Every structure is written in C-alpha cells, then in structure tokens.
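Okay, structure first, notes after.
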Amino acid sequence: MVLTLASPDPADHGAFSEFADLYLRANHRSIDLPWLPAELQVILADDDYVRTDVVEARSNGELVAVGWADLPVKDNTNCAYLEIAVAPENRRKGYGSAVLNWLAKRAGEDGRNTLLAESTRAVGEDTGPGKEFALATGFVFDTINAQRQLNLPSEQAAVELRDGYRLQSWRGEPPPDLIDQYAVLRQLLNQEAPSGQTDLENEFWDAERLRLEVDQWWRQHRTAQTVVALAPDGALAGHTQLLFPAKSTVVYQWDTLVLPAHRGHGLGLALKRQAMVAAADLLAGRSRIVTWNDATNEPMIRVNEELGYELTAHSDQWVKTL
C-alpha cells in the first residue's frame, strides 16, 4: 500500500468534487448534518479572519480520507479546529490518523498548540466511531453539545414582549445604524455562553467581517434571518439567527445570545419565535430546524423545549494539546 497525503486546491472543480463526495459519504447519517458542496467550498477558502489547511489521503491513488483545519487569524491564534472524514469502507486502516498527523504537524508549524474537534453520536449511543477515534488519538473530552430538532411545520404561540424591549429583523447585512453594535454582540458568545473547559478568547468581529459573512452566505447559496432585541434605551440586548441552505430541507438555528444585563425578560424565547415569524416564507416546505447548545446551558435548553425541540444527538467536544 502506498499512502500519499497532499493539499488539494478547493478552487479546482474536479479535485473539489471528489473531496466533497467523500466528505458527504462519510457523513451519511441524518444526525451528521454535513456542509453541502457549495457551502464547503467557501469554508475551505482562506479569508482575512480564518486560514484553512486542507489535506487529502490517497491509497494507491484512491481517495480514502480528507480533512481540514480552521486556523483563526485574529483570535484564538493558539487553536486549530479540525474536521476529518474517512470513507466508511476504509475506516480502521490508519487513514484518519494519517490525516490528523498531517494537520497537527501543520498546526504546530503555525504556532498552534491546541487542537479542537467534535464527534456526533445519536441519543442512546454511549460511543461511536468519532468518539473512539478521538480517544485513540490522544484527544481529551471537553464538553457535550446537545443537538435538538424541531419538526416542521410547527405552530407557535404569539411573540410576547415586556418591559419596553422591542425586536428588529433583517436578512443579509445588518442596518448601518446597528452594524457596529452587532459586531460587538457577535464577539461575546464564547464569553457569555457555556462552552466547556477550554479557555477560548472571544471571536474577533467587526463591520467588515459581518459584510464578508453576508458575501459568504451568498456564495454558499444560504439565506440568513437575523432578529435582534433592543433595550428601551436602544442598545442591543440579544440576537438570534436562522440559516437556510438553498438545496436542503434542513434549517439551522445558529447563535442565540441575550446579554446578562437583559436576561429575565423572556427575550431568548421571543427572539426565536420572532425569527420563525419573520422567516415564515423561507420555512415553507422545510422539514426541521436543528440547533445546538452546551448540555449545561439549562436556560436555553428550557427555551428550546418550550418551542418543541426534541433531543436527537450529542456532539462530544474534544481537545488535544500539542
């Protein structure tokens, strides 16, 4: 057996198509929720905020495994976020380990000393291939994200606001009068939401990164519905996002955050309900909304359960120190 590792060019259509096909075959379960090809191609491209190392492994010329590492440029510059996919028929042959070693070596050369990864297992499963791989390759358990889904269509109670708060919605780029405040809000998720024992810095967000994100969504064929809560004095108090891939029946409930000073006013529930109201046209024909929360984030889990979300999987979070 001759195993070769190389860094493919995501912009090369032929090479990327083969890469994406293997990645999708490796993430075939309904709980895996892989990036679609158009989404993945954007993810693998470098930008001013994240650099990405990409690798493929071939055995006697056959593509058997792929992987990449996201390397933040302006925050958490000691970290590398890894994803590895091995063709189902080629697991337990050392290909995943070879990809991991290649990515770890590149991360170390870039001054990174912390590798982060996750693996998903269905409810009721204590283990799975991803968890076993992480343990076998020296990763240490960090925390668990609970994955829940809301089957559609879903009848929801009316949005209720109190205490002088109001909601505002948009698609695409934030309004000019809110974009700088919104960038600050987006920075605070690592600080304000439970996220395990790894000491992560807040992410770097500014107006330019928000504009880049909108451009990335366009290139990924995604539509984003954002809803923010404004305090009586006009300051941003919280936000939520729904993401709609064009070629999927799945919707993603992304970040929901209410700042500490504004908790206790029912804003988390109101934000999520209003997002569904504002995106009613986009929800038509969709099958489910999927969301994630740290398993210790009881307030947000209560909100999700009140909305009707049901637990479907656990995503184990792993860390390895180089």
Side-chain angles (χ1 to χ4, degrees), residues 30-31 33 122-123 145-175 178 182 185-186 188-189 192-194 214 217 221-232 235-315:
S30 63
I31 61 171
L33 303 169
V123 171
N145 280 345
Q147 180 175 304
R148 285 176 167 81
Q149 75 178 37
L150 175 65
N151 293 326
L152 298 173
S154 173
E155 294 293 329
Q156 293 292 330
V159 177
E160 294 184 2
L161 288 175
R162 60 181 190 265
D163 307 322
Y165 287 90
R166 60 188 175 90
L167 302 179
Q168 183 172 338
S169 305
W170 67 75
R171 294 180 188 174
E173 187 174 314
L178 292 178
Y182 189 60
L185 188 64
R186 290 287 297 274
L188 299 177
L189 187 66
E192 299 297 344
V214 172
W217 287 335
H221 310 299
R222 285 186 158 203
T223 302
Q225 180 70 63
T226 302
V227 180
V228 297
L230 294 103
L236 283 184
H239 84 116
T240 194
Q241 294 174 310
L242 285 177
L243 269 289
F244 295 81
K247 296 183 178 180
S248 174
T249 64
V250 181
V251 182
Y252 300 106
Q253 171 67 74
W254 274 10
D255 296 356
T256 300
L257 176 64
V258 177
L259 296 179
H262 302 282
R263 292 171 186 166
H265 300 277
L267 294 178
L269 184 61
L271 283 164
K272 289 196 172 189
R273 280 186 170 148
Q274 183 59 33
M276 295 178 68
V277 171
D281 59 316
L282 298 173
L283 286 170
R286 303 280 179 154
S287 63
R288 55 182 169 144
I289 305 175
V290 180
T291 193
W292 300 261
N293 302 99
D294 190 282
T296 66
N297 191 348
E298 294 182 2
M300 193 55 65
I301 289 172
R302 285 197 297 270
V303 166
N304 287 332
E305 290 178 342
E306 184 165 348
L307 290 167
Y309 282 84
E310 297 180 349
L311 186 65
T312 56
H314 294 104
S315 292

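What you see is a predicted model, and the numbers here were worked out from it, not measured in a lab.
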query: Does Q147 reach the main-chain N or O of I31 with its side chain, forming a donor-acceptor pair under 3.5 Å?
result: yes
- request: Give, for atom CH2 of W292 and atom CD of Q149, the distance between the pair rounded to the nearest 0.5 Å.
  value: 10.5 Å
statement: Separation between CD (Q225) and CD (Q274), nearest 0.5 Å, reads 8.5 Å
message: I want to check something: taking the side chain as every heavy atom from C-beta on, are Y309 and I301 in contact at a cut-off of under 4.5 Å?
response: no
Side-chain heavy atoms of L283 within contact of I289, under 4.5 Å: yes
- request: Report the residue from T291, N293, T240 that forms a side-chain hydrogen bond (donor to acceptor under 3.5 Å, both in side chains) with Q253.
  value: T240
- request: Hey, could you give me the CG/NE2 distance between L271 and H239, rounded to the nearest 0.5 Å?
  value: 8.5 Å
- prompt: Which pair of non-hydrogen atoms, one from R273 and one from A157, has the smallest distance, and what is that distance?
  reply: CD-O, 3.6 Å
query: Hey, what do you get for CZ (R288) to CZ (R148), rounding to the nearest 0.5 Å?
result: 15.5 Å
query: Which pair of heavy atoms, one from L243 and one from V251, lies closest together, and at what distance?
result: O-CG1, 3.4 Å
task: Assess whether side-chain contact (heavy atoms from CB on, under 4.5 Å) is satisfied between L178 and L230, documenting all intermediate values.
output: CA-CA 10 Å; L178 292 178; L230 294 103; 4.1 Å; yes
message: Can you tell me how far apart CG (L307) and CZ (R302) are? Round to the nearest 0.5 Å.
response: 13.5 Å
- line: Heavy-atom closest pair (L161 atom, R166 atom, distance to 0.1 Å) is CD1-CA, 3.7 Å
- request: Count the heavy atoms of every other residue, nucleotide or ligand shown that sit under 6.0 Å from CD of E305, and state whether that count exceeds 12.
  value: yes
- prompt: Minimum heavy-atom separation for A313 to L311, with atom names?
  reply: O-CD1, 3.7 Å
- prompt: Can you name the closest pair of heavy atoms from L33 and S30 and give their distance?
  reply: CD2-O, 3.9 Å
field: Residue pair K272 / E306, side-chain heavy-atom distance below 4.5 Å
entry: no
- line: With sequence neighbours left out, the residues meeting side chain to side chain contact (heavy atoms under 4.5 Å, CB included) with D163 are Y165, H265
- request: Nearest 0.5 Å please: distance from the OG1 atom of T256 over to the CG atom of L267.
  value: 11.5 Å
query: Would you call P175 and Q168 a side-chain contact if the rule is heavy atoms closer than 4.5 Å?
result: yes
task: Please report the shortest heavy-atom distance between S169 and V227, naming the atom on each side.
output: OG-CG2, 3.5 Å
